[in-house]
Asker: 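Structure provided below as structure tokens; questions to follow.
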Amino acid sequence: MSNLFSQLDGIGAKALEQIEGASDLATLELVRVSVLGKKGALSEVLKGLGSASAEDRPKIGAAANDWKRKIEEALEKKKGGLEDQALETRLASERIDISLPSRGLHKGALHPITQTTRRIIQTLGRLGFDIATGPEVETEFLNFEAVNIPKDHPARDMQDTFFMGPGVVLRTHTSAIQMRAMRNQKWPVRILCPGAVYRCDSDATHSPMFHQIEGLWVDKKVSMSDLVGVLEFFAKEMFGSSTKIRLRPSFFPFVEPGAEVDVSWGKDRWLEVLGAGMVHPRLFEMAGYPAGEAQGFAFGMGIERIAMLLHGIDDLRLMYQGDVRFLKQF
Ligand code: FA5
């Protein structure tokens, strides 16, 4: 009997042992090539087949095939095991902990000034006010003369003006919109005029560009007590139902009488929030309303001022710096 049988058995047994001991897929592949490859141990043995007897040859061939099948099966089985193991390891290292808090979406939000403007408009809108707007670059006439601030009037100093050219200014208050609206529409009028205004002014509570909202109510019979009623409603809606208001006599050329209006803040503090008064007859004249027939009140407030009060912001410049840490809080 040819010793090829014992050689085959030796190769086969050794291969099975190596397969069993392989610790990874690369090692396993080396074993496969060294045994079953073209120049592998099995092929080498079969090269000696010519010297075997005619009777042994088919038996050796069958034994070789037998070993080949066994080795292939062992390789397959081991490969499956190693692959499962590799997958386990990968899954363990890449595992997603779904209980961790998410990173969250970066949601945009409205700027506090926009939020405050909308809230003011919503609140007063419930009393039937419409919205009126006007240009930021305004005629000196509508910004000043038409609202009773003549050329050399000292009130012009109160609103240090940016001039754009002869007779053209950046509007210094939303009262300019009020005047435009009165000239463009018949009375009765009940409007809110929001917008940006400009003054040469800059510190923690003053900005060269800020926002105002003007209220104007003109009808046949409108009195100071209507103004107080509207402002009381506004203050309670904005700052809480126990809020009180206080009017202090003040001067604005476009109203007579005029007042500065404070809201109660905490126990015994008062904070100024707006200017107001009964529309000066001169403005009705400028608007072309029939003499002596129309009555009205107007008020104007700084929106930044209201936003600062609502949110406890102590420096108005924060609102223009675009700092996300600040803006995120609204
Ligand atoms: C006016 O501008 C009047 N037109 C308001 C008015 C309208 C009175 C209608 C009567 C009738 P004043 O200059 O006080 O008034 O400004 C009104 C508000 O704007 C102030 O109370 C303040 O809150 C705000 N304000 C004024 N200047 C600045 C500034 N530089 N920066 C930020 N807010 C300001």
Side-chain angles (χ1 to χ4, degrees), residues 112-113 116-117 120 124 129 132 134 138 142-144 146-149 153-162 169-182 189-218 222 224 226-228 230-231 234-235 238 245-263 265 270-284 295-310 313-320:
I113 292 174
T116 308
T117 309
I120 296 168
L124 289 170
F129 284 92
E138 185 56 279
L142 281 178
N143 193 78
F144 291 123
V147 292
N148 203 28
I149 314 180
H153 198 288
R156 285 209 186 190
D157 292 343
M158 288 158 59
Q159 306 189 351
D160 273 340
T161 312
F162 290 112
V169 300
L170 286 178
R171 69 180 174 208
T172 61
H173 53 178
T174 44
S175 302
I177 310 179
Q178 185 199 123
M179 197 57 212
R180 269 183 177 269
M182 283 210 284
V189 182
R190 203 184 300 175
I191 50 169
L192 295 172
C193 319
V197 300
Y198 301 83
R199 295 181 194 178
C200 297
D201 217 351
S202 189
D203 59 39
T205 55
H206 296 86
S207 155
M209 189 278 293
F210 62 103
H211 300 79
Q212 285 188 335
I213 192 159
E214 191 95 354
L216 174 70
W217 186 317
V218 179
V222 178
M224 198 77 180
D226 294 318
L227 169 64
V228 173
V230 167
L231 294 179
F234 171 75
M238 292 296 286
I245 63 165
R246 172 173 89 172
L247 275 71
R248 282 179 291 108
S250 182
F251 173 73
F252 298 97
F254 25 90
V255 288
E256 181 55 40
E260 253 158 357
V261 180
D262 304 334
V263 296
W265 201 254
W270 293 91
L271 291 171
E272 183 202 318
V273 289
L274 54 91
M278 299 306 293
V279 179
H280 197 289
R282 177 91 180 115
L283 270 73
F284 293 136
Q295 294 184 327
F297 64 74
F299 56 87
M301 64 185 97
I303 294 174
E304 281 79 352
R305 209 17 165 6
I306 306 281
M308 288 167 84
L309 292 178
L310 282 176
I313 302 164
D314 53 11
D315 191 331
L316 141 149
R317 289 168 293 200
L318 285 167
M319 290 199 252
Y320 307 109

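The structure displayed is predicted, hence computed values, not measured ones. Both counts, for ligands and for their atoms, begin at 1 and track the order of listing. Sequence positions, counted from 1, serve as the residue numbers for this chain.
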Asker: Can you list the ligand 1 atoms lying under 4.0 Å from a non-hydrogen atom of Gly300?
Answerer: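 Going through ligand 1 atom by atom, the ones under 4.0 Å from Gly300 are 5 (C), 6 (C), 7 (C), 9 (C).
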
Asker: To the nearest 0.5 angstrom, please state how far the CG atom of Leu192 sits from the OG1 atom of Thr174.
Answerer: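 Those atoms lie 10.0 Å apart.
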
Asker: Which heavy atom in Ala181 sits nearest to a heavy atom in Ile191, and how many Å separate them?
Answerer: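 Looks like CB-CD1, 3.3 Å.
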
Asker: Say whether Glu214, considering both its backbone and side-chain N or O atoms, lies within less than 3.5 Å of an N or O atom on ligand 1.
Answerer: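 It does not: no N or O of Glu214 is found under 3.5 Å from an N or O of ligand 1.
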
Asker: Counting heavy atoms only, which part of Glu260 comes closer than 4.0 Å to ligand 1: side chain, backbone, both or neither?
Answerer: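 Near ligand 1, Glu260 shows nothing, with every heavy atom at 4.0 Å or more.
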
Asker: As an exercise, state the distance from CZ of Phe234 to CD1 of Ile120, rounded to the nearest 0.5 Å.
Answerer: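 Answer for the CZ-CD1 pair, Phe234 versus Ile120, is 4.5 Å.
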
Asker: Considering non-hydrogen atoms only, spot the tightest contact between Arg171 and Ala196 and give its length.
Answerer: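 Heavy-atom minimum between the residues: NE-O, 2.8 Å.
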
Asker: Considering the heavy atoms of His206, write down every atom of ligand 1 situated less than 4.0 Å from one of them.
Answerer: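 It comes down to these atoms of ligand 1: 27 (N), 28 (C), 29 (C), 30 (N), 31 (N).
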
Asker: Considering only heavy atoms of Ala276, which atoms of ligand 1 have at least one such atom less than 4.0 Å away?
Answerer: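 The list of qualifying atoms is 8 (C), 10 (C), 11 (C).
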
Asker: What's the spacing between Arg180 CZ and Asn143 CG if we round to 0.5 Å?
Answerer: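 Output value for this atom pair is 10.5 Å.
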
Asker: Check ligand 1 against Val255 and write out every atom of the ligand that is under 4.0 Å from a heavy-atom position of the residue.
Answerer: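 Taking each heavy atom of Val255 in turn, ligand 1 has 11 (C) under 4.0 Å.
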
Asker: Is there at least one pair of N or O atoms, one from Arg199 and one from ligand 1, spaced under 3.5 Å apart?
Answerer: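 Checking ligand 1 against Arg199, an N or O pair does fall under 3.5 Å apart.
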
Asker: Could you tell me, atom by atom, which parts of ligand 1 come under 4.0 Å of a heavy atom of Glu272?
Answerer: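 What qualifies from ligand 1 is 21 (O).
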
Asker: Counting only heavy atoms, tell me which of Phe297, Phe299, Phe210 gets closest to atom 34 (C) of ligand 1.
Answerer: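 Selected option, by shortest heavy-atom distance: Phe210.
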
Asker: Do the rings of Phe129 and Phe299 sit parallel, tilted or perpendicular, given the 30° and 60° boundaries?
Answerer: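 Perpendicular: the ring planes of Phe129 and Phe299 meet at over 60°.
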
Asker: Give the contacting part of Thr174 toward ligand 1: side chain, backbone, both or neither, where contact means a heavy-atom distance below 4.0 Å.
Answerer: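 Within the 4.0 Å criterion, Thr174 makes no contact with ligand 1.
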
Asker: Which ligand 1 atoms does His173 reach within 4.0 Å, using its non-hydrogen atoms?
Answerer: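 So the atoms of ligand 1 that pass are 2 (O), 4 (N).
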
Asker: Which residues pass the salt bridge (Lys or Arg N to Asp or Glu O under 4.0 Å) test with Glu214, sequence neighbours left out?
Answerer: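 Here no residue qualifies.
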
Asker: Nearest 0.5 Å please: distance from the CG atom of Leu309 over to the CE atom of Met238.
Answerer: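 The CE atom of Met238 is 9.5 Å from CG of Leu309, to the nearest 0.5 Å.
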
Asker: Between Glu304 and Tyr320, do the side chains contain a donor N or O and an acceptor N or O under 3.5 Å apart?
Answerer: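 Yes, side-chain donor-acceptor contact under 3.5 Å.
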
Asker: Once you round to the nearest 0.5 Å, how far does CZ of Phe254 lie from CE of Met179?
Answerer: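 That separation rounds to 12.0 Å.
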
Asker: Which atoms from ligand 1 have a heavy atom of Phe254 less than 4.0 Å away?
Answerer: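 Close to Phe254: 3 (C), 4 (N), 6 (C), 7 (C), 8 (C), 9 (C), 10 (C), 11 (C).
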
Asker: What do you reckon, does Ser207 put a non-hydrogen atom under 4.0 Å from ligand 1?
Answerer: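 Judged by the 4.0 Å heavy-atom criterion, Ser207 does count as contacting ligand 1.
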
Asker: Using a plain distance cutoff, I'd like to know if Gln212 has any nitrogen or oxygen under 3.5 Å from a nitrogen or oxygen of ligand 1.
Answerer: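 Such a contact does occur with ligand 1.
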
Asker: For ligand 1, is there an N or O atom under 3.5 Å from any N or O atom of Ser175?
Answerer: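 The answer is yes, given that Ser175 and ligand 1 share an N or O pair closer than 3.5 Å.
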
Asker: Of all the atoms in ligand 1, which lie at a distance below 4.0 Å from a heavy atom belonging to Arg305?
Answerer: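 With Arg305 as reference, the close atoms of ligand 1 come out as 23 (O).
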
